Amino acid sequence: MIKSLVLPCKFEGSNQLRHKGTKMELTITRPDDWHLHLRDGELLQAVVPHSASHFARGIVMPNLKPPITTTAAAVSYRESILKALPAGSDFTPLMTLYLTDTTNPNEIKLAKRSGVVYAVKLYPAGATTNSQDGVTDLSGKCLPVLEEMAQQNMPLLVHGEVTDADVDVFDREKVFIDTVLRPLIQRLPQLKVVMEHVTTKDAVKFVESCKEGFVAATVTPQHLLLNRNSLFQGGLQPHNYCLPVLKREIHRQAIVSAVTSGSKRFFIGTDSAPHERRRKESSCGCAGIYSAPVALSLYAKVFEEAGALDKLESFVSFNGPDFYGLPRNTSKIKLSKTSFKVPDCFSFPFGEIIPMFAGETLEWQPSFN
């Protein structure tokens with residue numbers, strides 16, 4: 001029998017990196033996904049098993065058609081997700097509301113009392129997929145709602161881009177911080193804010209400058225591993241197209257440095273966003289990268305390459321629930337450094353979905369302990 005050798009680096013709690021013969025294994029607390037698109041209908045049925053197989057909980061985005069703007073709609077959507085889960089799954093969807101110019105503060109009270117709604121999502125109108133019903137007047141029409149959210153300790157989840165056509169698409173996050181987010185936080189310092197899927201060194205610097213415990217950020221695998229060259233190498237790459245769009249290498253490096261530093265201000269949020277292949281590979285392709293099947297492997301790759309595997313668990317398993325004031329998971333998941341090929345596609349009766357890094361070989365394969 002081959003003994004498991006514990007490596008000398010220190011891991012929090014009982015979590016360990018082991019050599020088992022020639023194979024390396026990492027056991028961590030089961031992660032959550034703090035930014036997840038599950039869609040609805042046939043697409044929901046197709047993709048939810050991938051997230052449920054790796055994550056214990058997921059903050060589910062509300063940008064459906066029609067959007068999830070009320071607590072009643074969130075409860076109904078949650079029931080649809082639970083029905084779509086594989087038999088025996090214990091995955092818990094954490095629901096969100098879609099903020100509009102007409103959202104009422106009483107809806108926030110209802111959401112808090114429901115016990116199933118955990119946050120409210122801000123989509124600036126026109127910023128991304130199904131955002132046409134989003135906010136046009138955050139500091140005016142939405143202010144009473146934001147004040148109630150601060151009172152109820154309900155986080156605001158921010159898609160941080162301006163939609164002004166005169167602002168370059170690569171600058172929209174920075175301009176949003178300067179013109180919208182910074183003034184908002186100065187006006188409502190008790191409002192908890194998650195800047196979703198940060199993409200720039202400017203966002204990293206801003207989050208680090210804010211009061212810990214009140215402003216945090218989710219980070220996707222694509223913004224840790226890809227830069228904007230990945231959109232064009234070998235021709236136009238529609239499956240690397242997402243919003244916010246990929247940025248320069250200097251921004252990618254800044255985000256990697258932030259998440260692998262051990263900072264509690266950053267945590268996992270895959271932004272896994274499935275679209276049918278024909279809707280991606282079209283004359284006007286949809287934004288979104290489907291990462292759920294490979295996200296944990298990709299995050300582990302990032303942390304290993306940075307020499308920071310001992311900090312992976314905090315990023316994927318601890319920082320998120322700590323920010324939301326939720327208990328950490330108690331179950332474990334094992335990541336084995338075993339090579340596997342990402343499927344070229346996932347086929348369903350309605351069509352195909354292309355996963356992130358399709359056809360490529362990855363390591364750090366997840367499995368339950």
Side-chain angles (χ1 to χ4, degrees), residues 7 15-33 35-37 46-56 58 197 218-227 229-231 233-234 237-242 246 249 252-253 255-256 259-260 267-275 277 280 288-317 332-347 352-369:
L7 295 183
N15 306 293
Q16 297 174 338
L17 179 65
R18 296 176 179 268
H19 274 146
K20 201 168 187 178
T22 59
K23 183 171 71 173
M24 198 153 49
E25 294 180 347
L26 175 61
T27 300
I28 62 172
T29 300
R30 190 178 175 191
D32 304 299
D33 187 348
H35 187 122
L36 176 63
H37 296 272
V47 303
V48 72
H50 287 147
S51 292
S53 66
H54 296 159
F55 301 103
H197 39 52
T218 58
V219 184
T220 74
Q222 59 262 31
H223 292 112
L224 288 168
L225 286 163
L226 306 177
N227 61 36
N229 289 342
S230 302
L231 289 166
Q233 287 173 339
Q237 301 297 323
H239 298 288
N240 288 339
Y241 172 52
C242 59
L246 300 171
E249 175 65 9
R252 187 195 71 82
Q253 290 177 5
I255 297 168
V256 170
V259 303
T260 59
F267 46 86
I268 181 175
T270 66
D271 194 19
S272 183
H275 292 285
R277 182 175 192 161
K280 293 285 291 179
I289 295 176
Y290 186 52
S291 62
V294 294
L296 277 183
S297 301
L298 294 177
Y299 285 120
K301 171 182 170 67
V302 170
F303 278 75
E304 181 184 28
E305 290 177 351
L309 271 177
D310 58 314
K311 297 181 175 66
L312 174 66
E313 183 178 39
S314 292
F315 176 76
V316 300
S317 306
K332 303 287 183 179
I333 195 169
K334 182 171 67 178
L335 294 167
S336 301
K337 195 169 184 184
T338 304
S339 296
F340 68 98
K341 184 182 177 183
V342 181
D344 292 323
C345 69
F346 294 99
S347 297
E352 295 179 338
I353 302 174
I354 308 299
M356 187 175 177
F357 279 38
E360 297 191 29
T361 298
L362 295 179
E363 297 177 328
W364 295 113
Q365 193 162 22
S367 62
F368 282 110
N369 252 3

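The first residue of the sequence shown is numbered 1, and numbering continues consecutively from there. As a basis for the values below, the full set of heavy atoms in this structure was taken, side chains included, without hydrogen atoms, waters or symmetry mates. If you're wondering where the values come from, they're calculated on a predicted model, not measured in any experiment.
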Hey, does the side chain of [X] reach the backbone of [Y] with a donor-acceptor pair shorter than 3.5 angstrom?
| X | Y | value |
| --- | --- | --- |
| Asp271 | Thr220 | no |
| Ser51 | Val48 | no |
| Ser272 | Leu36 | no |
| Ser336 | Thr338 | no |
| Ser297 | Trp364 | yes |
| Ser317 | Thr29 | yes |
| Lys280 | Pro238 | yes |

Practice problem: Indicate yes or no: does Glu249 engage Arg252 in a salt bridge with an N to O separation below 4.0 Å. | Solution: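 Yes, Glu249 and Arg252 are salt-bridged.
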
[X] vs [Y] side-chain heavy atoms within contact, under 4.5 Å:
| X | Y | answer |
| --- | --- | --- |
| Leu246 | Asn227 | no |
| Met356 | Leu226 | yes |
| Pro293 | Phe346 | yes |
| Asp32 | Ile268 | no |
| Val256 | Val302 | yes |

Quiz item: Applying the ring pair (Phe, Tyr, Trp, His ring centres under 6.0 Å) test to Tyr299, which of Phe267, Phe315, Phe55 qualifies?
Solution: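 Looking at Phe267, Phe315, Phe55, the match for Tyr299 under the ring pair (Phe, Tyr, Trp, His ring centres under 6.0 Å) is Phe315.
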
Do you know the tightest heavy-atom contact between [X] and [Y]?
| X | Y | answer |
| --- | --- | --- |
| Leu362 | Phe357 | CD2-CD2, 3.7 Å |
| Asp344 | Pro355 | O-CD, 3.9 Å |
| Ser230 | Asn240 | O-ND2, 2.9 Å |
| Gly359 | Lys341 | O-CE, 3.5 Å |

